[in-house]
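First listed ligand is number 1; within each ligand, the first listed atom is number 1. One-based numbering along the sequence shown.
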Amino acid sequence: MKNLILLFLFTSTLFCQTKEQSPNIILMIGDGMGLTQISAGMYANKNQTVLEEFEHIGLSKTHSADQLVTDSAASGTAMATGVKTFNGVIGIDAQNINKPSILELCKEQGYAAALLATSSIVHATPASFYAKVRSRKMYEQIAVQLSEHDVDLFVGGGEKYFVMREDNRNLINEMDTYEFVNSEYEFKNSTSDKIGFLTYEEEPPSLLSGRKPALDELTQLSLKKLSAKEKPFFMMIEGSQIDWGGHANELNYVISEFTEFDHTIQKVLEFAKADGNTLVIVTADHETGGLTLDAGNLKKGKVKGNFGTGGHSAVMVPVFSFGPKSELFSGIYDNTAIFDKMLKAVME
Ligand code: MG
Ligand code: ZN
């Protein structure tokens with residue numbers, strides 16, 4: 001009996017030690033943020049970006065299962081679950097099999113999880129981390145899947161998909177383990193274990209049209225809440241609208257959205273440096289707009305760009321990494337490898 005107790009103490013100590021060593025993972029996705037979008041934002045902001053402080057840099061191949069040019073659903077699924085799938089599909093592979101996401105695998109390991117986006121929370125990129133649907137446009141179904149999930153904290157638009165539904169369900173009422181907050185003030189002061197903050201009824205507006213609260217502020221508040229949980233966490237933060245600026249072929253839109261994202265990366269990096277056990281990955285799902293920069297003035301922070309398409313392009317996108325296991329992200333690899341590398345960081 002005494003031996004059994006000793007064995008139990010020994011194994012539980014071992015178990016606790018491994019748990020303590022599991023790093024926080026913060027995956028930051030600039031939707032449509034290729035190298036030219038980063039360059040444009042950098043030149044416009046006194047030739048600086050916080051990305052210069054990252055330790056390792058790689059390149060990611062973004063094509064989907066059958067298309068050279070991916071969409072955000074297929075590339076979000078690739079990074080979230082490690083498989084290439086068809087454009088428009090979320091969380092299901094090309095053989096029609098539901099795949100667990102890195103967020104879900106982290107939760108199984110005792111992690112907390114958070115999703116922040118400047119689009120709606122049911123949009124393709126955040127949905128890739130919790131939903132399994134044949135079409136990214138099944139917003140109401142995606143909202144149901146979030147309501148049945150155990151993401152601890154989420155922030156994004158799209159409230160109408162929860163409360164103004166064709167089936168007349170009110171998912172906010174159904175999600176009774178969550179506190180839903182309606183302002184940054186309420187979010188800041190909430191002490192609930194699970195928090196939902198649906199920032200807009202529809203898709204949030206662009207920053208130039210007055211979107212609030214700022215992503216960097218939401219991120220800082222979320223980091224505070226997550227680190228108070230005393231367990232490791234997985235967090236995905238999306239700068240969603242860099243992509244929308246690209247689709248609109250509006251460079252000012254791209255630069256303003258990138259700038260907010262850059263400020264957010266700065267806050268995350270400050271947290272990671274102080275914490276010492278946080279892996280930060282910053283990348284894109286694809287480039288949007290086929291942007292080239294062909295003129296400008298560095299001193300005036302002016303950049304002139306030309307867009308080659310109103311859609312996405314197939315060019316590789318950069319991957320910046322910082323913290324424990326960040327060296328895994330050097331090199332050239334498929335976007336699916338981002339999942340593999342994150343999982344390795346969690347499991348080893
Ligand atoms: Mg997106
Ligand atoms: Zn797009």
Applying ring-ring contact (aromatic ring centres under 6.0 Å, His included) to Phe234 and Tyr111, what does each step give before you reach the verdict? CA-CA 7 Å; Phe234 172 86; Tyr111 276 57; 8.0 Å; no
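Per residue Glu238, closest N, O or S atom to the Mg ion (ligand 1): atom name OE2.
For the 3.5 Å distance criterion, the side chains of His149 and Glu104 qualify, holding a donor opposite an acceptor. Looking only at atom types and distance, the side chain of Asn297 has no donor-acceptor partner in the side chain of Lys304 under 3.5 Å away.
Not a single N/O/S atom of Asp71, whether from backbone or side chain, sits less than 2.8 Å from the Zn ion (ligand 2). Counting backbone and side-chain atoms alike, His286 contributes no N/O/S atom closer than 2.8 Å to the Zn ion (ligand 2). Between the Mg ion (ligand 1) and Thr125 there is an N/O/S contact shorter than 2.8 Å. The distance from the Mg ion (ligand 1) to the nearest N/O/S atom of Asp285 is not under 2.8 Å. Note on Asp31: counted as a metal contact of the Mg ion (ligand 1), an N/O/S atom lying under 2.8 Å.
Tested against Met342 for a side-chain contact (heavy atoms from CB on, under 4.5 Å), the candidates Leu105, Ile102, Leu103 yield a single pass: Ile102.
Between Gln241 atom CD and Glu257 atom CD the span is 4.5 Å, to the nearest 0.5 Å.
Summarising the geometry of Arg136 relative to Ile142, their closest heavy-atom pair is O-CD1, 3.5 Å, with the distance given to 0.1 Å.
Of the angles at the Zn ion (ligand 2), the one spanning OD2 of Asp243 and NE2 of His312 is 150° when given to 10°.
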